[in-house]
Amino acid sequence: MNIIACIKQVPDSESQIKISSDSKSIVTDDVKWVMNPYDEFAVEEALRVKAKCGGEVTVVGLGPKRVTESIRTALAMGADKGILISDEALDGSDSLGIAKALAGAIKDLGCDLILTGQRGIDEDNGIVGSNLAELLGMPSVTIVEKLEVAEDAKSLKATKGIEGAALVIESSLPAVITAQKGLNEPRYASLPGIMKAKKKPLDVKTLADLGLDASEFGEGARKLKILALEPPPAREPGRIVDGETTEEKAAELARLLREEAKIL
Amino acid sequence: MDFNIPEEIKMIQATIKKFVEKDLEPIARKVEEEGEIPEEIVQKMRDLGLFGIPIPEEYGGLGLNTFGEVLIYEELSKTNACFRSRIGTSNGIGSMGIYMDGTEEQKQKYLPRIASGEWSAAFALTEPEAGSDAANIKTIAELKGDHWIINGKKHFITNADCAHVFTTMVLTDKEKGSRGGISAFIIEKGMPGFSLGTVEKKMGIRGSHTAELIFDNCMVPKENIIGGDPMIGHGFKTAMRVLDKGRLTMGASALGAAERLLEMSVFYAKERVQFGKPIGEFQMIQAMLADMATEIYASRQILYHAACLRDQGKKITREASMVKLYCTEMACRVVDKALQIHGGMGYMKDLPIEMYYRDLRLYRIFEGTSEIQRMLIARDLLRN
């Protein structure tokens with residue numbers, strides 16, 4: 001089975017995010033970049049499907065050279081080879097542009113299953129997976145919490161959570177699956193895995209290498225434009241309710257909820 | 001000297017950091033209280049490949065150089081010290097004699113099993129009468145046919161209860177003593193006449209056990225001298241070379257702990273408010289933080305420098321002693337300041353500072369006391 005896992009690099013959720021002076025992007029100088037956590041679930045699931053059905057896992061990433069680190073991490077977890085799509089013309093592309101570039105790199109690989117995170121934790125759009133499926137003419141199941149690929153590698157059953165219930169969807173292969181938290185617990189890149197990853201193939205491709213027209217990508221080709229980024233409003237400080245005894249404190253709290261917060 | 005960290009080592013550091021945060025730190029206090037590392041954590045350590053760090057690739061290890069190894073210990077020491085000890089003793093002093101001086105047969109028999117973590121290794125030199133005076137060992141072997149018959153006692157042996165293989169220093173010629181009369185044996189758990197004695201109750205590092213080894217007419221096959229017959233009588237040299245490198249990894253462990261303590265202290269100094277402002281705004285707290293950071297920086301430089309010198313094939317006996325001495329004493333000064341900054345809270349078991357305070361105290365004693373390091377450094381200075 002030929003399995004693809006698509007990954008992106010995002011700022012570590014512990015990073016302090018600062019907005020640039022253009023107020024449309026973030027300052028990236030001190031950002032620590034990590035593999036998007038939802039993509040880690042995708043890589044882990046790809047490795048589990050491979051363990052069950054055999055085959056090969058190819059990791060496809062997109063972005064500047066630093067994305068190589070995240071691809072190497074996926075190779076250290078056990079993926080077989082990596083492809084980095086790296087081209088300055090991609091800078092500023094929207095989700096559709098990203099999906100087009102990924103489709104360009106994947107279309108000739110003859111894959112049976114594509115896995116990716118249900119969304120990137122940076123912009124939270126959650127549409128690259130479905131766009132990619134559309135461009136490749138494949139079915140997609142999004143926000144999947146449980147995946148079972150049939151032994152004969154011809155079909156899959158995917159479970160996703162919906163309000164108060166679980167939806168079980170069957171699909172033929174090839175298909176695109178987007179991974180939700182809970183799908184699995186990603187393994188660590190083991191130390192021997194890290195040493196072996198150094199020797200695994202990792203190709204870097206430009207848009208020209210993929211036969212794609214650079215004018216269809218980048219800031220100019222965006223269909224969605226970011227108008228402004230604003231920091232979330234500062235949180236009001238908490239308040240400690242005064243009172244000598246528990247009863248007094250409870251009474252005071254009830255009074256505040258009724259008179260000040262007006263929610264009782 | 002260039003301390004550029006290779007890409008793969010950075011990835012290893014990231015893995016260890018994650019492992020510490022997700023698996024080790026949440027149980028660090030429980031392990032301290034119960035005095036036991038859960039088996040599933042040891043299994044995770046095996047799966048991660050933590051037991052074969054310096055062992056060459058052909059014997060199933062990672063084959064990392066000393067610089068890579070100290071970086072791993074630095075990262076792994078940012079939690080309860082017993083986790084580092086669990087792998088460190090096996091990777092380091094326990095198995096190093098075998099891969100430095102062992103015969104090909106010995107390497108093939110022991111190293112792959114040690115590297116996979118199936119067998120842990122420990123190092124047995126210390127005896128009741130031979131601590132700092134290591135040459136004064138009394139455990140003695142006598143050759144009878146195809147076996148050495150060993151009698152005596154070792155004590156304070158780290159990880160004795162979980163180890164399978166013991167690199168053990170024994171007298172093979174009483175007259176010659178440390179000048180050609182000590183040999184390094186590979187002794188396996190289960191060899192006839194070999195048993196464990198008292199498991200000690202310690203002040204700190206309680207998740208790692210220290211016990212007595214008892215040899216009562218213990219029968220060890222003739223071929224179990226590290227390096228075979230030509231190495232009979234050269235065990236003391238093996239021991240000293242093993243300890244040289246061990247001193248760097250001890251330095252790295254002390255450094256990692258000190259870095260964690262500084263991080264906690266900076267955080268606390270920003271959060272804790274007294275007299276209407278964060279205590280970090282007071283000059284006396286600032287002075288403590290500045291001294292901690294400066295000493296940590298200096299320690300890191302000498303540790304990395306000595307590790308890189310060793311990787312270049314240089315003899316580092318003096319430097320290794322300096323690193324062990326300075327880094328461990330530095331960490332004790334840092335933990336003292338960290339406790340002071342945290343005040344009463346630092347003295348409570350709710351925070352791990354009191355644990356570090358007890359654990360780090362051992363670092364100035366084991367694998368060569370501070371006094372022995374000073375003696376070795378001075379001796380080396382005066383000889384030249």
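Because only heavy atoms are used, hydrogens play no part in the values below, and waters and symmetry mates are left out as well, while side chains stay in.
With a 4.5 angstrom heavy-atom cutoff, A/Ala189 touches chain B via backbone and side-chain atoms both. Proximity to chain A (any heavy atom under 4.5 Å) is shown, for B/Glu8, by both the backbone and the side chain. The contact between B/Ile72 and chain A is made entirely by side chain atoms (from C-beta outward), counting heavy-atom distances below 4.5 Å. Both the backbone and the side chain of A/Arg72 come within contact range of chain B, each with at least one heavy atom under 4.5 Å from a heavy atom of that chain.
In the displayed structure, A/Gln16 atom CD is contacted under 6.0 Å by at most 12 heavy atoms of other residues, nucleotides or ligands. Residue B/Lys107 qualifies as enclosed at atom NZ: its count of foreign heavy atoms under 6.0 Å is above 12. Within 6.0 Å of atom NZ in A/Lys200, more than 12 heavy atoms from other residues, nucleotides or ligands are found, so the atom counts as buried in its surroundings. The 12-atom threshold is exceeded at CD of A/Glu260, counting heavy atoms of other residues, nucleotides or ligands nearer than 6.0 Å. Within 6.0 Å of CD on A/Glu88 lie no more than 12 heavy atoms contributed by other residues, nucleotides or ligands. In A/Asp30, the CG atom is not crowded: 12 or fewer heavy atoms of neighbouring residues, nucleotides or ligands sit closer than 6.0 Å. Heavy-atom contacts from other residues, nucleotides or ligands closer than 6.0 Å to NZ of A/Lys52 number more than 12. For B/Phe267, the CZ atom counts as loosely surrounded, since its 6.0 Å shell holds 12 or fewer non-hydrogen atoms of other residues, nucleotides or ligands.
Atom CD in B/Gln13 sits 10.0 Å away from atom CD1 in A/Ile194 (nearest 0.5 Å). Distance check, rounded to the nearest 0.5 Å: CZ of A/Arg187 to CG of B/Leu48 gives 12.0 Å. Rounded to the nearest 0.5 Å, atoms CG (A/Leu191) and CG (B/Asp47) are 12.0 Å apart. In this structure, the separation between CE on A/Met77 and OG1 on B/Thr15 is 9.5 Å, given to the nearest 0.5 Å.
The minimum heavy-atom distance between B/Lys22 and A/Tyr188, with the atom names listed, is CB-OH, 3.6 Å. In plain terms, the two heavy atoms of A/Pro192 and B/Gly49 that are nearest each other are CD-CA, 3.8 Å.
Between B/Met11 and A/Glu69 the shortest side-chain heavy-atom distance does not fall below 4.5 Å.
Salt-bridge formation is not detected for the pair B/Lys44/A/Glu185: no Lys NZ or Arg NE/NH1/NH2 atom is positioned less than 4.0 Å from an Asp or Glu carboxylate oxygen.
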